[in-house]
Amino acid sequence: MMRAAITAVAGFLPENIVTNFDLEKIIETTDEWITTRTGIKQRHLENDPTRATSDMCVEAVNLLCKKRGIHPEEIDLLICGTVTPDLVFPSTANIISAKVGAKNAWSYDISAACSGFIFALTTGAQFIETGRYKKVVIVGADMMSRIIDYKDRTTCVIFGDGAGAVLLEPNSEDLGIMDFVLHADGNGANYLHMKAGGSLKPASHETVENKMHFVHQEGQAVFKHAVYNMAEVSARIMQRNNLTDKDVNWLAAHQANKRIIDATSERMGLAKEKVMMNIERYGNTTAGTIPLLLWDYESQLKKGDTIILAAFGGGFTWGSVYLKWAYDGSMVGK
Ligand code: UT7
């Protein structure tokens with residue numbers, strides 16, 4: 001069977017950094033609260049109002065092509081996981097493809113919030129496994145600062161902006177995506193959503209005045225579902241592939257809250273050194289977190305490493321992906 005393997009990874013973060021101490025000046029919070037409750041110390045927030053999610057993705061995709069030594073015209077398909085598209089339509093993936101000159105690609109977005117990257121990755125992998133395509137780019141990106149109320153301390157401390165991208169190519173050495181378990185439950189919508197801006201409540205004076213274009217999150221309820229489901233699905237994918245903690249080299253889990261990641265790694269029985277973590281520097285970049293983790297840890301990844309990706313997010317959506325890394329990351333420059 002031809003597998004879909006990640007053959008390159010790249011990322012982008014806006015230059016502007018906002019620390020917990022900066023937030024202390026605008027809302028009633030403390031560095032101590034944010035650090036102990038979430039693990040976050042700072043986040044990157046785009047402060048140029050003319051830039052949008054696609055601009056971050058363009059930087060990541062251009063770097064991706066440069067690293068792999070390919071021209072964007074070689075890309076067959078580009079999928080973008082995001083809940084902060086540039087526009088309601090057309091898709092951000094289309095805009096990215098046009099901006100990078102991926103003239104031969106067709107493209108579309110996947111809306112699965114924090115699970116957007118793994119939903120897009122597993123979808124894109126199907127086109128490689130069937131033999132239809134040779135080069136599929138998967139982007140996970142969100143400019144969360146555009147839908148966050150910086151007067152709401154329960155959400156604004158958590159989120160950040162960022163984009164990550166990977167290239168999928170065919171692999172005949174039994175490396176790449178081995179298995180995945182994905183779930184969605186629309187009954188969770190009430191706990192994490194944006195109240196207006198869609199066909200249910202189009203933008204109006206009323207929706208703007210009532211702050212209905214910002215993220216609404218019932219933190220504790222989401223936390224409970226996230227802890228249970230991310231740990232459960234990660235343990236399950238190990239079980240059904242007969243993997244023990246010794247077989248797993250890395251966990252790349254969605255970076256929403258350090259306590260959720262710790263609970264997942266404990267359930268999997270993994271040592272701390274095997275858990276990728278960058279939440280302290282980037283916060284929760286929604287669909288961006290997992291590709292950004294792979295980008296940050298790339299130099300430590302060896303050919304054949306077993307990696308479990310895990311995510312939980314709005315929808316609810318959640319799942320795990322079992323993959324075998326296909327190249328020696330230490331040989332690749334940033
Ligand atoms: O990424 C997609 C999915 N999202 C998640 O996975 C997020 C899941 N949820 C969480 O990570 C956590 O629920 C939060 C980080 C959002 C909140 O942490 P928590 O430990 O669940 O806090 P809480 O909501 O139970 O609030 C505890 C207290 C409250 O005060 P009282 O009522 O006990 O007096 C809050 O008002 O902390 C207060 N609080 C804050 N205090 C200082 C809430 N936000 C802040 C803040 N600074 N930023």
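These numbers were taken from a predicted model, which means no experiment stands behind them. Both ligands and their constituent atoms are indexed starting at 1 by order of listing.
- Taking the six-membered ring where the residue is Trp, the centroids of W325 and Y297 are separated by 6.0 Å or more.
- Taking each of Q217, M144, K224 in turn, the one with a heavy atom nearest to atom 7 (C) of ligand 1 proves to be Q217.
- Of all protein heavy atoms, the one lying nearest to atom 20 (O) of ligand 1 is R37 NH1, 2.8 Å.
- Counting heavy atoms closer than 4.0 Å to ligand 1, residue W33 contributes side-chain atoms (C-beta onward) but none from N, CA, C or O.
- Within the 4.0 Å heavy-atom criterion, both parts of T29, backbone and side chain, lie near ligand 1.
- Considering only non-hydrogen atoms, atom 14 (C) of ligand 1 lies nearest to N257 out of L23, N257, I34, V215.
- Contacts between I158 and ligand 1 below 4.0 angstrom, taking non-hydrogen atoms only, involve the side chain exclusively.
- Checking only distances, G219 does come within under 3.5 Å of ligand 1, N or O to N or O.
- Of all the atoms in ligand 1, the ones that sit under 4.0 Å from a non-hydrogen atom of V157 are 48 (N).
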Requested in this report: Could you please spell out the steps behind the side-chain hydrogen bond (donor to acceptor under 3.5 Å, both in side chains) verdict for T53 and D86?
Outcome: CA-CA 6 Å; T53 297; D86 289 20; 4.5 Å; no
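- By heavy-atom distance, the residue among R153, E24, Q220 lying nearest atom 38 (C) of ligand 1 is R153.
- Shown in contact with I260 at under 4.0 Å from a heavy atom are these atoms of ligand 1, numbered in order with element: 6 (O).
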